[in-house]
Structure formats: C-alpha cells, structure tokens
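Values reported hereafter were calculated over all heavy atoms of this structure, with side chains retained and with hydrogens, waters and symmetry mates removed.
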Amino acid sequence: MELRKIAVIGAGTMGQGIAVMLASKGLDVLLYDKTPELLGQSVEAIEAHLDRQMERWALTRQEKKLILSRLHKVTDMEALAECQLAIESVTEHFETKQRLFIELDRILPPDAILATNTATLSLTLLASRLVYPDRTIGMHFLHPAGQIRMVELVRGMNTSEETFTRMRRFAEQVLDKESVQVYESPGYVTTRLICVLINEAIHALLEGVASAEDIDKAMKLGYDFHYGPLEMADRFGLDSVLASMEALFLEFGDVKFRPNTLLKKTVRSGRLGVKTGRGFFQYTDGGERI
C-alpha cells in the first residue's frame with residue numbers, strides 16, 4: 001500500500017520538522033497534539049520557519065502555501081484512522097510512548113505502519129503490548145529533519161521484513177534520504193556516538209581547556225562539522241541531550257555516558273538552547289546564533 005497520508009504525533013520541535021519535511025514531499029500530513037492551543041503555536045512556529053526560508057531564497061511563496069495546505073491540525077486521535085503511516089515524536093518517556101502505541105495500534109488499519117522517532121527507548125518493549133507488533137519500526141530522524149539526508153531505520157525483535165522493506169523504500173524513494181539499517185540498541189548509532197562527543201566537549205569546557213567558541217571552532221574547522229558539539233547540543237535542546245545521556249547511562253552503566261554536572265546545571269537553570277534563546281551560546285528568536 002502506498003504511503004500518502006501520514007500522521008505525525010507530537011507537534012514539538014522535532015514533530016514540526018518531520019511534518020514540514022513530509023508535506024514538502026507532497027504528502028498529506030495530519031499533525032496531532034493534545035490541544036488546539038499547542039497545535040496553533042506549532043503551526044505559527046512552522047510558518048515562521050518557512051518565512052525564514054523564503055528570506056534566504058530557499059523557498060517560494062507558492063511552495064510555502066502548498067506545504068501549509070498539506071498540513072492538517074488534529075486533536076482527536078480517531079481522525080488518524082485512515083492514515084497509512086504514523087510517526088510518533090512525543091516526549092522520551094516510556095509509559096507515555098507505550099500508551100500512545102497501544103492507542104494507535106487500535107485506531108490504525110492493520111496494514112498501516114507504526115513508527116517511533118525515539119533515540120533511546122526499546123522498540124521491542126514499546127511494541128510488547130500491541131496486537132500487531134510486527135508493523136512497528138524505529139524511524140530516527142536527526143534535527144533538522146528536512147535537511148539531514150539520512151534516517152536510521154531501527155528493527156525491533158518483532159519488526160517484520162515487509163515492514164522494514166516498505167519503510168526503506170519510502171525513505172529512499174519518497175523522502176529522498178539514505179537509510180541506515182540499525183538493530184535495536186539504546187542510542188542506535190547516531191545518538192550513542194554524538195552523546196559521548198557532546199559530553200566530552202562539556203568536560204573540556206568545564207575544565208577550562210578552551211572556550212565554548214574555540215571548542216566548536218576546532219571541531220568545525222578541524223573535522224568539517226557543520227556545527228560544533230556545543231552548538232549542536234543547543235540545537236538538539238539541552239534537556240533532550242540530558243535525557244538521552246541519562247537513558248544511555250542507565251542502560252549501559254558506562255561512565256562515558258554519565259552526563260556532565262555543567263549540563264545538568266544548565267538545564268536546571270532553564271537555559272535549554274535555541275528553543276529558549278540561550279544555552280552554551282545565545283540565539284535570536286529565529287534560531288540564529290548571536
């Protein structure tokens with residue numbers, strides 16, 4: 001079955017990015033969140049993002065209108081019943097995601113695919129109480145979803161070959177992304193490796209080895225990173241980085257995943273990165289670094 005109507009559950013930063021990416025590929029997107037207020041704020045953020053793209057000549061006014069016309073706000077989950085694919089991108093909390101999986105398993109048609117964008121939680125456990133666990137798969141996008149030409153496709157213990165094949169075809173032929181096959185393991189490849197790099201960069205900053213600016217400059221110029229590890233963490237959201245590290249530390253028990261105290265203090269202070277305007281660096285409302 002062709003995947004043309006897609007549900008995106010969770011209209012936060014990552015959900016917004018996934019929804020815009022799908023709509024830009026000509027797909028109908030049902031963007032779900034709990035309240036009209038949250039959805040309204042999310043669509044306003046999407047419009048502001050598209051306006052910035054227009055200012056950079058990366059998007060035309062007509063393309064913006066087409067993208068927005070394919071985005072449909074939904075607060076009643078029953079409205080997702082005709083979707084062929086659902087991608088959840090809610091908070092990294094196991095019970096919340098599992099309850100959502102169970103509800104989607106009931107609502108979606110049996111041949112629909114249920115994907116999660118989780119970076120650290122077990123897909124097999126999330127699907128353990130489903131009637132159709134074989135149609136579940138991890139689809140881990142990196143931020144910003146529309147610009148990164150790679151997606152991790154994660155196979156749980158019950159993911160069927162048909163589900164994986166359909167999603168690989170969808171990722172490569174419809175989304176124009178290279179797919180990486182990953183077998184379930186906390187952090188997969190990208191999160192597992194980048195968390196160690198970010199944590200070590202924070203250690204270097206705390207120890208006074210170099211300034212935040214120079215740590216990032218060293219990695220950008222020396223290793224051709226688009227963003228240095230500290231700005232990258234700001235753009236991921238420092239609270240999300242902390243949650244990922246804590247999950248990896250809990251799972252593996254390895255000190256390399258133990259989050260730095262400076263990261264914890266920064267999160268406690270409410271400095272979460274781009275979304276609050278300040279993390280290791282400062283940012284404009286449009287997400288530009290000051």
note = Given the options Glu92, Arg192, His140, Glu251, Thr120 meets side chain to side chain donor-acceptor pair (under 3.5 Å) only with Glu92
task = Check each of Thr116, Thr118, Thr96 against Glu88 using the side chain to side chain donor-acceptor pair (under 3.5 Å) test, and report the only one that passes.
result = Thr116
Using a 3.5 Å distance criterion without hydrogens, assess whether the side chain of [X] forms a donor-acceptor pair with backbone atoms of [Y].
| X | Y | answer |
| --- | --- | --- |
| Gln84 | Lys5 | yes |
| Glu184 | Leu123 | yes |
| Asn199 | Asn260 | yes |
| Arg135 | Asp105 | yes |
| Glu152 | Val189 | yes |
| Lys177 | Ala145 | yes |
| Ser179 | Ala171 | no |
| Thr124 | Met157 | yes |
| Asn117 | Met14 | no |

query = Is the shortest heavy-atom distance from the side chain of Ile137 to the side chain of Val154 under 4.5 Å?
reply =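 With C-beta onward as the side chain, the pair stays apart.
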query = Can you find a heavy atom in the side chain of Leu30 that is under 4.5 Å from one in the side chain of His72?
reply = yes
Matching residue for Ile87 among Leu22, Ile113, Ile9 - test: side chain to side chain contact (heavy atoms under 4.5 Å, CB included) =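 For Ile87, the side chain to side chain contact (heavy atoms under 4.5 Å, CB included) test succeeds with only one of Leu22, Ile113, Ile9, which is Leu22.
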message = Would a single hydrophobic cluster contain both Ile202 and Val196, if residues Ile, Leu, Val, Met, Phe, Trp and Tyr are joined by side-chain heavy-atom contacts under 4.5 Å?
response = no
request  = Decide whether Tyr32 and Phe101 are clustered together by the hydrophobic rule: side chain heavy atoms of Ile, Leu, Val, Met, Phe, Trp, Tyr closer than 4.5 Å, transitively.
outcome  =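 Same cluster: Tyr32 reaches Phe101 through Ile, Leu, Val, Met, Phe, Trp or Tyr contacts under 4.5 Å.
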ask   = What pair of heavy atoms forms the shortest contact from Phe225 to Met232, and how long is it?
value = CD2-CE, 4.0 Å
message = Would Arg289 and Phe281 count as a cation-pi pair here, with the cationic atom under 6.0 angstrom from the ring centre and within 45° of the axis?
response =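 Cation-pi check for Arg289 and Phe281: passes.
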